Structures are given as C-alpha cells and as structure tokens.
Amino acid sequence: MSAAGSKFRVGLIAMRSGRHPGENLAAAVKLIEEAKQGGADFVQTPEMTNIMELGRNLFSAIVPEEQDTTLATLREVARKLKLHINIGSLAVTVSPEKAANRAFLIDPQGAIVARYDKIHMFDVDLAGGESYRESRNYRAGELAVAADLPWGRLGITICYDLRFPALYRALAEAGASFLAIPSAFTRKTGEAHWHVLMRARAIETGCFVFAAAQGGVHENGRETYGHSLAVDPWGRVIAEGGTEPGVVFADVDAAEVATARARIPSLEHGRRFEMVEPMAEPAHLHAVRSPA
C-alpha cells in the first residue's frame, strides 16, 4: 500500500446528459467541484458524460479524442483540484463511420493514465419496443485495462460490460482491488438487474465496485435508471443515489479487500477446466425407470 494509506473518499457523479456536449461539460464540472468540496479524493463520472444520442446525429456533435473539449477541460479540472478523475466514458470519433465509447483515468497532474474502449456492445431489443444497436455507431474495444491509484489498482469497464463476469475475474486476477462500472442503464433493465449484478461482481472478485450512473428522462427521450452505487468487497451497498443529478459519496478502506478475500479466497481457488461433449440424455434420468 502506498504512502497515501488505505482510506479515501469517492465521489460518484450522477448526471442526465443531453445532446449538447458543452452543457453536459458545465454540469459535470459543477458536480466535480462539489465532490472536491465534499472531500473526494477520487471522482467518477458516468458513461456518456459528454453526450447522450442514439442516432447518426451523434457524429455532428463529437470529435476525435485530441480535439475533445470535455477531455481537455476535465484534465485541467483534475490538475486544478488535485483529483483522480475516472471519466466514465466519452463518445469520440475514431473513423468517419465509427466512434469509440472510451473511458479515461486522469491523475492529479492532469495526465491521462489510462484509456479503455468499451468491449461489449449493447445490441438488444427490450419489451415495449425499446431497441438499441450500439454497434451501429461504436467500434468495440478489444483490450481489458487496469491502472494504479494510490490506494490500489482500478479495473476499468463500462456499463454493458457488467453482464460479462469473465472480464471482472480477469481484472481481479490482474491485481484490481476496485472495479469501475460507470453506466447509462435503461430504466427497465436497471429495475431488474442493476443492484444484483453490481453486488455479484463485487462478491465474485472481492473488489469494491464504483458505478456512477446516468438517471432520468434525457433530451433524446431515453430513460436511464440512475442509482449510482458503491459496493464493498463483501457485496454490501455502502452508498446509493437516486435518479437526479448530484454527487454520491462513499468512504472506502482498501484494506477491506484483503479481509474479504481471506474469508472467501475464491480468486485463489479458481481452476482451469475443459467442457466434455454433452450426453444425449442427462445421466440422472437413467436412475428412474418404469417397472418392467
């Protein structure tokens, strides 16, 4: 553990991003400043911090990373406020036809410590006619990313990644003590699965989970679930927000990671295995036969 000790305060920035990056940036800066005033050492913004747009109109409002005003401004905010900032994600162009859904970790000097492009694309059809095709506009990432904070290692993921536990197992096995899962969950899927999945990822890995979220009805008509969460390594929710924009604070002691993993050392007990060919009929059925 570094000289910073094991205890720190997290500020989760709950937002309701719209179609205009400048307005979203102003809202994010205000809330990050509020988090700093509240004693935060590490701040996380939600997925799609800079814009919430589903159609091709996205490309008239976003730019490549090196030209992105939101990224440049939040780097300066991190330097000015001496904060570690996990930008949950920004939409940035990577080609004329595709964007990246990209997270950033910024250090207190304003340097970009890590980038992560969302691996799993949200291509689903929900009841009631809701349909999402993230892959139409976004290029999927291929690399898992972890980076060091003063208190331990952070595994960086985004929203729909949450449903793929192998990613989190890999991050924990790579030394992560904290998992970043900034999100823009739909209201329907959030009501059904948000809490149980976040708690499961914490329990399975013995990690803290930090999940800043978008919430409410957005300018483009999409409705997101909100409920920014911090979960401890034993699976307990230690902080939770609602659907309104604001800051959710959580006091974290990284020493709890070792404590939880000592109680249930499942990371050490993992074994590689092979799948056998399925039998034509489950074996247990052979034990029950009609009398001759």
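Everything quoted here is computed from the prediction, not taken from an experiment.
- Scanning both residues, Pro46 and Ser183, for their nearest heavy atoms gives CB-O, 3.7 Å.
- A salt bridge does not link Arg9 with Asp41: every distance from a Lys NZ or Arg NE/NH1/NH2 to an Asp or Glu carboxylate oxygen is 4.0 Å or more.
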Output a table of donor-acceptor pairs, distance under 3.5 Å, between side-chain atoms of residues 229-243 and any protein atom two or more places apart or on a different chain; print 'none' if there are none.
residue: Asp232; atom: OD1; partner: Trp234; partner atom: N; Å: 2.9
residue: Asp232; atom: OD1; partner: Gly235; partner atom: N; Å: 3.0
residue: Asp232; atom: OD1; partner: Arg236; partner atom: N; Å: 2.9
residue: Asp232; atom: OD2; partner: Arg236; partner atom: NE; Å: 2.7
residue: Asp232; atom: OD2; partner: Arg236; partner atom: NH2; Å: 3.1
residue: Glu240; atom: OE2; partner: His195; partner atom: NE2; Å: 2.7
residue: Glu240; atom: OE2; partner: His227; partner atom: ND1; Å: 2.8

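- Contact check on Arg115 versus Glu65 returns a salt bridge, with a Lys/Arg side-chain nitrogen under 4.0 Å from an Asp/Glu carboxylate oxygen.
- Under the 6.0 Å cut-off for aromatic ring centres, Phe185 and Tyr225 do not qualify, their centroids lying 6.0 Å or more apart.
- Ring-centre distance between Phe164 and Tyr168: not below the 6.0 Å cut-off.
- Arg16 has no carboxylate O lying under 4.0 Å from a charged side-chain N of Glu219, or vice versa, which leaves the two without a salt bridge.
- Side chain to side chain, Arg56 and Asn137 meet the donor-acceptor criterion of an N or O pair below 3.5 Å.
- The structure places CD1 of Ile13 at 7.5 Å from CD of Glu34, a figure rounded to the nearest 0.5 Å.
- The pair Asp125-Arg133 counts as a salt bridge, with a side-chain nitrogen and a carboxylate oxygen less than 4.0 angstrom apart.
- Between Glu76 and Arg79, at least one side-chain N (NZ, or NE/NH1/NH2) sits under 4.0 Å from a carboxylate O, which counts as a salt bridge.
- In summary, Glu223 and Arg187 engage in a salt bridge, as defined by a charged side-chain N under 4.0 Å from a carboxylate O.
- Between the side chains of Thr73 and Thr70, no donor-acceptor pair of N or O atoms lies under 3.5 Å.
- Listed by chain and residue number, nothing satisfies the salt bridge (charged side-chain N to carboxylate O under 4.0 Å, His left out) test with Arg222 (two or more places apart in sequence, or in another chain).
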Return a table of donor-acceptor pairs under 3.5 angstrom between the side chains of residues 85-92 and protein atoms on other chains or two or more places apart.
residue: Asn86; atom: OD1; partner: Gln44; partner atom: NE2; Å: 3.0
residue: Asn86; atom: ND2; partner: Phe104; partner atom: O; Å: 3.2
residue: Ser89; atom: OG; partner: Met48; partner atom: N; Å: 2.8
residue: Ser89; atom: OG; partner: Asn101; partner atom: OD1; Å: 2.6

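- Taking NE2 from His84 and CG from Leu81, the interatomic distance works out to 12.5 Å, rounded to the nearest 0.5 Å.
- Residues passing the ring pair (Phe, Tyr, Trp, His ring centres under 6.0 Å) test with Phe210 are Phe42, Phe178, sequence neighbours excluded.
- Ion pairing between Glu204 and Arg201 holds under the 4.0 Å rule for side-chain N and carboxylate O.
- Residue pairs meeting the ring pair (Phe, Tyr, Trp, His ring centres under 6.0 Å) criterion with at least one member in residues 244-263: none, sequence neighbours excluded.
- Listed by first then second residue, pairs satisfying ring pair (Phe, Tyr, Trp, His ring centres under 6.0 Å) with a partner in residues 252-272 number zero, not counting sequence neighbours.
- Salt bridge annotation for Glu134-Lys118: present, with a cationic side-chain nitrogen under 4.0 angstrom from a carboxylate oxygen.
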